[in-house]
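A short worksheet on the structure shown next.
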Amino acid sequence: MADTTLPPPPHETFDTILVLDFGSQYTHLITRRLRELNIYSEMLPCTQKLAELPFKPTGIILSGGPYSVYEDGAPHVDPAVFELGVPILGICYGLQEIAWHHGKNVLAGEKREYGHAALKIARDGSDHTGALFKDLPDDMEVWMSHGDKLSKLPDEFVTIATTANAPFAGIAHSAKKYYGIQFHPEVTHTPQGTALIKNFASSICGAKQNWTMDKFVDQEIERIRALVGPKGQVIGAVSGGVDSTVAAKLMQEAIGDRFHAVLVDNGLLRLDEAKIVKETLGKQLGVNLTVIDASERFLAKLKGVVDDPERKRKIIGNLFIEIFQEKARELADAAKGSAKEGEIEWLLQGTLYPDVIESISFKGPSATIKTHHNVGGLLEGMHLKLIEPLRELFKDEVRELGTTLGIPDELVWRHPFPGPGLGIRVLGEVTPEQLRILRHADSIFIEEIRKAGLYRKISQALVGLLPVRAVGVMGDKRVHDQVVALRAVVTTDFMTATAFEFEPSFLRTVSSRIVNEVDGVCRVFQDITSKPPGTIEFE
Ligand SMILES: Nc1ncnc2c1ncn2[C@@H]1O[C@H](COP(=O)(O)OP(=O)(O)OP(=O)(O)O)[C@@H](O)[C@H]1O
Ligand SMILES: O=c1[nH]c(=O)c2[nH+]cn([C@@H]3O[C@H](COP(=O)(O)O)[C@@H](O)[C@H]3O)c2[nH]1
Ligand SMILES: NC(=O)CC[C@H](N)C(=O)O
Ligand SMILES: [Mg+2]
């Protein structure tokens, strides 16, 4: 039985800034900026009832959003937010929400404003209203994205900043710690944005800047121990990717050999991947990894699935869980009569905060672009309970955690590789022949990237196999063969990305090697689409 006295979650140990999401594309960036300042922050939908909140935040930030506060059906924050007695910062829609709450002073502007704007700070000499812009220059470049505006200053507020188009670009309550800004401090296009967020969270709210990885490790290990209890066993879905490697290492520190790491070879892995991962995890981390070869089962289920990538994802996600449940039963049977006897109740996954944000976001399921196999692709009625120690962290925090845990750079800085693997890079039907072609082309691309010293400069590189044929001439003979697309992107959070710019000579080398060495390919293209509007993977 698990211990019922769990160590507290981070929002009880650390001062926490609560970010309420009204559906802006940038809300997660507010949380990130705070975490970069070593201030713990959590994001929840704007519909969160304060009475149901399990902790008292140190301060609240209301995000931007696509709605207009005066529309019927527009989202509004629980009015109890204004009774809580903690500082509030409204950003864009959030500013308009504060104004709406204080007298319905918002309407559609004559001119919409997207992009850069020059902000002038209006200081009235008061420390209280000036606190948000403390130590910032009087003229600042900021980034705007709005169509609505305040019709007048709400009662008891003062103007603390203006732009040519927005006379109320910044407002502050003259007595309470309420601040509103029309621009977005969370995007890098507002160069002083992080300093402003720090002024709010640290100086105004008084949040301590003590959210560090060392503390997180100790606390998380304690939490895992209490959660699984003194005898509980955990089966871990481990892919060799950064997230599950870090999660596995944490698990091993917490419960030792009661943790069983399992890699499922779904037939969609890269060249020799299962073998390499087993060796590296064993040698470098002492994690004993069991590889289950389920490639035939996966390929059989994917046969004939031609034009719906979401079906591919669901099939793969469900089969993953089926296999883990089978393995859990097998391990429990094998342990009968030993000290480790008992059902295996827990499945470890390397789920990250962006996956969680996507599924709790106020935007809801209608904004789902693709179902990540480990979140939306889970099997209904699964009997294993999930344990996800990284679900509060962003990718760069996971890397920092990995380094803190002593995981070698080579593993910590691996490019991400999706659970559905090459299955979502073969466009169209996934067959052993298509996988052979893609695996080979991929290994050449990655090998050349490493040789050129570019691996760490690129966030993720991949090859897609397109479902078309083109004509070529090889050895004086006409061929009618397939086409691959190279894709390499630069990103920090994988939510937006731009194409990496290669030297032409590098691309010539890769193209020539692929066409010469990979049977069945006669053309190489490069995908230079950014995200958005593209996505990183092809499907
Ligand atoms: N082949 C696999 N075998 C076992 N578990 C897997 C496999 N592929 C993915 N998973 C599970 O799904 C989770 C999500 O996959 P994801 O690719 O996002 O993370 P990762 O592989 O750990 O890291 P990275 O994002 O760097 O590739 C993993 O953390 C792991 O728990
Ligand atoms: O484990 C995963 N299961 C999935 O189903 C999945 N889909 C995308 N990805 C990875 O997520 C990041 C963003 O990818 P997209 O721009 O294609 O959505 C990129 O790093 C992708 O490789 C996945 N990872
Ligand atoms: N980015 C935003 O939050 C926009 C808020 C509101 N929809 C406006 O257009 O002004
Ligand atoms: Mg992966």
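In listed order, ligands and their atoms are each counted from 1.
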Please tell me whether Tyr455 and His415 form a close aromatic pair, meaning their ring centres lie under 6.0 Å apart.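 Under 6.0 Å, so yes.
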Between [X] and ligand 1, is there a nitrogen or oxygen pair with a distance under 3.5 Å?
X      : result
Val242 : yes
Arg414 : no
Gln349 : no
Leu263 : no

Heavy-atom proximity to atom 4 (C) of ligand 2 ranks first, among Lys312, Arg313, Arg425, for Arg313
Subject >> 2.8 Å shell around the Mg ion (ligand 4), exclusive bound, protein N/O/S atoms >> reply: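 Near the Mg ion (ligand 4), the number of protein N, O or S atoms below 2.8 Å is 1.
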task = Could you pull out all residues at least two apart from Asp396 that satisfy side chain to side chain donor-acceptor pair (under 3.5 Å)?
result =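 Residues passing side chain to side chain donor-acceptor pair (under 3.5 Å) with Asp396: Arg32.
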Next item on the list: Would you kindly specify which portion of Phe324 sits under 4.0 Å from ligand 1, judged on non-hydrogen atoms: side chain, backbone, both or neither?
Entry: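 It is the side chain that gets close, since no backbone atom is under 4.0 Å.
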inquiry  = Once you restrict to heavy atoms under 4.0 Å, what part of Pro418 touches ligand 2? Side chain, backbone, both or neither.
reply    =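 Contact part for Pro418 vs ligand 2: both backbone and side chain.
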Holding to ring-ring contact (aromatic ring centres under 6.0 Å, His included), I want the full list of residues that pass it with His260, two or more places apart in sequence or in another chain.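 Testing His260 for ring-ring contact (aromatic ring centres under 6.0 Å, His included), a comparison that skips the adjacent residues, returns none.
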Exercise. Does Lys457 have any salt bridge (Lys or Arg N to Asp or Glu O under 4.0 Å) partners at least two apart in sequence or in another chain, and if so, which?
Worked result: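 Applying salt bridge (Lys or Arg N to Asp or Glu O under 4.0 Å) to Lys457 gives none.
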